[in-house]
Amino acid sequence: MERIDVKNMNIIELENLAKKIRERILDVVSRKGGHLSSTLGAVELIIGMHYVFDVEKDPFIFDVSHQAYAHKLLTGRWEEFETLRQFGGISGYTRPSESKYDYFSAGHSSTSISVAVGVAKAIKLKNEDRIPVVLIGDGAMSAGMVYEALNELGDLKLPVVIILNDNEMSIGRPIGAISKYLTKLKAGRVYQNFKERFKKLLDKAPSDVKYAAKKFEELFSVNGVFFEEMGLEYIGPIDGHNLEEIIEVLKVAKELKKPVIVHAKTIKGKGYKQAEGYYEHWHGVSPFNIKTGEPLKKSTLNATKVFSKKLLELAREDKKIVGVTAAMPSGTGMKELMKEFPERFWDVGIAEQHAVTSMAPLAKEGFIPFVAIYSTFLQRGYDQIIHDVCLDNYPVRFAIDRAGIVGADGETHQGVFDVGYLRILPNITLFAPRDFESLKKAVEFAYKFDKGPIAFRYPRGAFSLEDEIFEAKDYELGKGEVLIDSKDIMLIAYGNGVGKAYEVYNILKDEFDIGLVDLRFVKPFDKELLKNLKAKKWYVISDNAKEGGIAEMLSEFANKENLNVKIESFEYPDKFIPHGDVKSVERLLRVDVDSIVKKIKEDNG
Ligand SMILES: Cc1ncc(C[n+]2csc(CCOP(=O)(O)OP(=O)(O)O)c2C)c(N)n1
Ligand SMILES: CC(=O)[C@@H](O)[C@H](O)COP(=O)(O)O
Ligand SMILES: [Mg+2]
């Protein structure tokens, strides 16, 4: 399907288009799952962008880009939208590799204004007639990167239009002073009209009236002062569902040829009554019944719930336990702890760097901090882990959720780098549970461990290994476990890799002398156990990137110790891993059970 040209449509036609887009989004997301309420709330703003700006030349930059489904539908992906977030289908985010109308990839939040500043510099250097337009949510405004970008933009005064899509929500409740400030701006509209009338009066008034009026303005003008002080023009708040108003204001913003913030108020979930105005649940959904809003599948036990429950148990017993999440209270299971102990567990908003650093002094002061962040978002806090936690060896506990392949979110969200990026840091201890029971033991071990920073990782959803196949033993620092011994082939697995290795073992056990080791710790790892293995063919199975991963680590060790072993890795190859269900993606990467079995048979046949 061709790109839909909205420029010649009248308001009624645009409103009908908005309705059609919402119906398409609801229909597909209810059957396939995906992000829902953000994207429903941004339909008119996106139509407005397409109406006023020229998508053929102006960079359209979507923050996170989970709200950009309307943009996908307008730019020739109406039919393909059916494959949303499915293996081999279109991405849930903007991807230049998917469409020339997707200017930049996103998935992590708060990068958009930096991208706009960069492209605005390029446009100026090339002396072109283009203007970057950004769509960013209020939740994304909690991250430091936004202010780094605004700081430069306000100084350079490059033409950039930033549409602030303010639905007064992040995934959950919005956090912090900026969010409160944006809410206050609600009152601004009335004041703006007043200000206009007041200005006319002032021009004729004596100077003492001018003085009083100025004071009045200082006292009551909450309208965009913050942004104006940063050197940006501020327009708003406008009604982000009123196409006429959006178009009128965006036209003005475009003509100003300056950095402008257009502050639009929207309703998250707009157009689907069940979702309108609800925190969290409707942000990202699995397939559901449109009529009732009920999910089609009942939720089952997952690693996040097990982590959350165990930490809550410990927190009830020990007041020194504190914790933080960065805008993912439900996603990380910290919500329950925040509810019961609001003075000890915090959501800091999208602010992973701050989350990490702020826990180090709590450790220094004798508290027991847990940082619960997804593997992919912890990348944001990397320097803070090195500089503020590891350097002075503070016992901050990192609970790394969504480790491994996460599924439908794809490239931007895969939790595959943490083993590599953490393994190289001095002072840190790294380990991983293999099933729900060992996850409980992992939380206990991390709680008691006070020698320095420690991190454990667990997957999205359930482990691939069921409980009670192997008894969950207490963790001992740096100790692995031989689960099944052998003299020939050894599957050396880590974390959620143990379940996959066990499946491989079951297929091959009658044909080969094959065993299974759970490494348990990657740092420090169990050198004695490995040296004493009789099996000299090691197959490494773990859900992390191969580069900087476990096989690499074991090869270095084996070479140093002259162990004379052959090591093969079934970790993830050196590429960004696409979206789709875990099984299909692993098959594509040739690290699924069948591919591993085939390779072992070929090697040993
Ligand atoms: C660095 C980072 N941390 C956390 C997230 C998870 N996340 C995705 S969207 C979102 C909420 C964003 O809120 P807002 O910008 O207001 O957009 P809305 O969904 O309300 O439209 C969060 C926390 C992320 N994508 N990137
Ligand atoms: C857009 C974003 O970053 C989040 O909404 C993410 O998709 C959540 O992932 P989970 O579904 O794994 O919590
Ligand atoms: Mg929001």
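We count ligands from 1, going down the list as the structure has it; atoms in each ligand are counted the same way. By convention here, the first residue in the shown sequence is residue 1.
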* E586 and Y572: side chain donor to acceptor below 3.5 Å ->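 Yes, side-chain donor-acceptor contact under 3.5 Å.
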
* Centres of the H263 and F227 rings: under 6.0 Å? ->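 Ring-ring flag for H263/F227: false, centres at least 6.0 Å apart.
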
* To do: May I ask you to check whether Y101 and F60 place their ring centers less than 6.0 Å from one another?
  =>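 No, they do not, as the ring centres are separated by 6.0 Å or more.
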
* Asked: Looking only at distance, does D409 have an N or O less than 3.5 Å from an N or O of ligand 2?
  ->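 Among all N and O atoms of D409, at least one is under 3.5 Å from an N or O of ligand 2.
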
* **R22/E44 ion pair, N-O < 4.0 Å** =>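 Judged by the 4.0 Å cut-off on N to carboxylate O distance, R22 and E44 do form a salt bridge.
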
To which of [options] does the heavy atom nearest [atom] belong?
| atom | options | answer |
| --- | --- | --- |
| atom 2 (C) of ligand 2 | R460, R85, H413 | H413 |
| atom 4 (C) of ligand 1 | M169, E352, E280, Q379 | E352 |
| atom 20 (O) of ligand 1 | D138, D166, L164, N167 | N167 |

Minimum-distance protein heavy atom relative to [atom]:
| atom | result |
| --- | --- |
| atom 10 (C) of ligand 1 | I171 CG1, 3.5 Å |
| atom 11 (C) of ligand 1 | S170 OG, 3.3 Å |
| atom 18 (P) of ligand 1 | K268 NZ, 3.4 Å |
| atom 16 (O) of ligand 1 | G139 N, 2.6 Å |

* **Non-hydrogen atoms of A116 and P132 that approach each other most closely** =>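 What the structure gives for the nearest pair is O-CG, 3.8 Å.
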
* Asked: Just wondering, is there an N, O or S atom on D138 that's nearer than 2.8 Å to the Mg ion (ligand 3)?
  ->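 A backbone or side-chain N, O or S atom of D138 is under 2.8 Å from the Mg ion (ligand 3).
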
* To do: Give a yes or no on whether S38 keeps an N, O or S atom under 2.8 Å from the Mg ion (ligand 3).
  =>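 No N, O or S atom of S38 is closer than 2.8 Å to the Mg ion (ligand 3), so no.
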
* Answer side chain, backbone, both or neither: which part of V406 comes under 4.0 Å from ligand 2, heavy atoms only. =>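 Under 4.0 Å from ligand 2, V406 contributes no heavy atoms.
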
